[in-house]
Amino acid sequence: MDIVAIDESLKTYALGYTVAGEWLEYTVNVPTAGIYQLTLNIASGSETSSLQFLVNDQAITDTIKIPKTDSTWNVYQEIDAGKVNLAAGEQILKMQITGSFVNVDWFEFSSSKAEKDSSAKDSTTAIFRRGNVTKTGTVQLMKSQKFYDLKGRRKSSKSIR
């Protein structure tokens, strides 16, 4: 796994050169249990790319097959990955690469207050993108991102502000 530039002038980057078996972990705090929409912004030049999300080492998604977006890995596309049920409290969220060669710009868990309360105005709450917490997020990224190699050895971590 490595960092790849999406747009150098805008200083935007994604995870790239991913290989099946690699993963990233995030410590998250989910203050409200509920159903969340999972959206990915990804690029792949392969037809065999996939990933899966786990919370506390329990799968919360099936394997998500990533469509080929372009042969260059430079064309990013938002993918609706379905809905997931998240319990309240501090948890370890893991993004597991299950099929090599997907670039991940961001992933987002979001909920609509209208989905929980039919009398509420439609208001979407995002958790995070590119590992950055949104100030209005329902789920807060708390500690750090951790990067591991294929043998499970911790390679580095990135502090989150």
Side-chain angles (χ1 to χ4, degrees), residues 1-31 36-57 59-84 86 90-111 124-161:
M1 196 173 305
D2 204 351
I3 304 297
V4 295
I6 295 174
D7 186 329
E8 287 283 352
S9 64
L10 296 175
K11 297 184 180 177
T12 56
Y13 303 93
L15 296 170
Y17 301 100
T18 59
V19 177
E22 295 178 319
W23 73 89
L24 288 99
E25 285 186 341
Y26 305 85
T27 301
V28 297
N29 185 21
V30 183
Y36 292 83
Q37 178 63 46
L38 174 56
T39 305
L40 313 166
N41 195 44
I42 52 83
S44 179
S46 170
E47 295 181 9
T48 60
S49 301
S50 62
L51 49 85
Q52 184 175 33
F53 287 85
L54 301 96
V55 170
N56 300 325
D57 287 324
I60 60 168
T61 68
D62 291 330
T63 297
I64 302 165
K65 183 168 174 28
I66 306 300
K68 182 177 180 177
T69 59
D70 190 61
S71 60
T72 65
W73 280 270
N74 293 324
V75 176
Y76 286 80
Q77 179 180 346
E78 284 189 28
I79 303 295
D80 175 353
K83 296 183 186 253
V84 298
L86 297 176
E90 186 173 309
Q91 303 167 62
I92 303 297
L93 173 68
K94 180 186 283 187
M95 181 181 69
Q96 174 84 40
I97 305 299
T98 56
S100 299
F101 311 123
V102 58
N103 288 5
V104 181
D105 178 21
W106 51 261
F107 59 90
E108 173 184 84
F109 293 87
S110 59
S111 69
T124 299
T125 304
I127 295 174
F128 59 92
R129 291 185 179 206
R130 278 193 216 121
N132 294 326
V133 180
T134 60
K135 296 296 181 192
T136 60
T138 300
V139 178
Q140 298 177 351
L141 186 61
M142 295 180 59
K143 295 179 183 171
S144 65
Q145 298 174 4
K146 298 174 185 172
F147 300 88
Y148 296 85
D149 68 12
L150 288 172
K151 294 183 179 179
R153 296 178 300 223
R154 189 166 166 191
K155 300 306 284 181
S156 66
S157 62
K158 176 182 175 186
S159 295
I160 306 301
R161 292 181 229 177

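None of the values given here were measured: they were computed from a predicted structure.
- Between Ile92 and Glu25, the shortest heavy-atom distance links the atoms CG2-CD, 3.8 Å.
- Every side chain to side chain contact (heavy atoms under 4.5 Å, CB included) that Phe101 has, sequence neighbours left out, goes to Ser46, Ser49, Trp73.
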>> As a quick check of understanding, evaluate side chain to side chain contact (heavy atoms under 4.5 Å, CB included) for Ile60 and Phe109, giving each step before the final call.
In response: CA-CA 12 Å; Ile60 60 168; Phe109 293 87; 4.1 Å; yes
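- When the side chain to side chain contact (heavy atoms under 4.5 Å, CB included) test is applied to Ser71, the partners found at least two apart in sequence or on another chain are Lys68.
- Across Thr69 and Val75, no two heavy atoms sit closer than the pair OG1-O, 2.7 Å.
- Between Leu15 and the options Leu24, Val4, Asn103, a side chain to side chain contact (heavy atoms under 4.5 Å, CB included) holds for only Leu24.
- Atom OG1 of Thr18 is separated from atom CE of Met95 by 8.0 Å, given to the nearest 0.5 angstrom.
- For Thr98, the side chain to side chain contact (heavy atoms under 4.5 Å, CB included) partners at least two apart in sequence or on another chain are Ser50, Gln52, Thr63, Gln96.
- Side chains of Phe107 and Leu51 form no contact here, defined as non-hydrogen atoms less than 4.5 Å apart.
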>> Using side chain to side chain contact (heavy atoms under 4.5 Å, CB included), reason through Trp23 and Leu54 one step at a time and then give a plain yes or no.
In response: CA-CA 10 Å; Trp23 73 89; Leu54 301 96; over 6 Å; no
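- Every salt bridge (Lys or Arg N to Asp or Glu O under 4.0 Å) that Asp57 has, sequence neighbours left out, goes to Lys94.
- Here Asn56 contributes atom CG and Glu90 contributes atom CD; the two are 9.5 Å apart, rounded to the nearest 0.5 Å.
- Applying the side-chain hydrogen bond (donor to acceptor under 3.5 Å, both in side chains) rule to Asp70 yields the partners Thr72; only residues at least two apart in sequence or on another chain are considered.
- Around the CG atom of Asp62, the shell of radius 6.0 Å holds no more than 12 heavy atoms that belong to other residues, nucleotides or ligands.
- Side-chain contact between Phe53 and Val84: absent, with no pair of heavy atoms (C-beta onward) separated by less than 4.5 Å.
- Nearest heavy-atom pair, Ile6 versus Ala14, reported as atom, atom and distance to 0.1 Å: CD1-CB, 3.7 Å.
- Shown here are the side chain to side chain contact (heavy atoms under 4.5 Å, CB included) partners of Thr39, two or more places apart in sequence or in another chain: Gln37, Glu78, Trp106.
- A 4.5 Å side-chain heavy-atom check between Ile66 and Leu40 finds at least one atom pair inside the cut-off.
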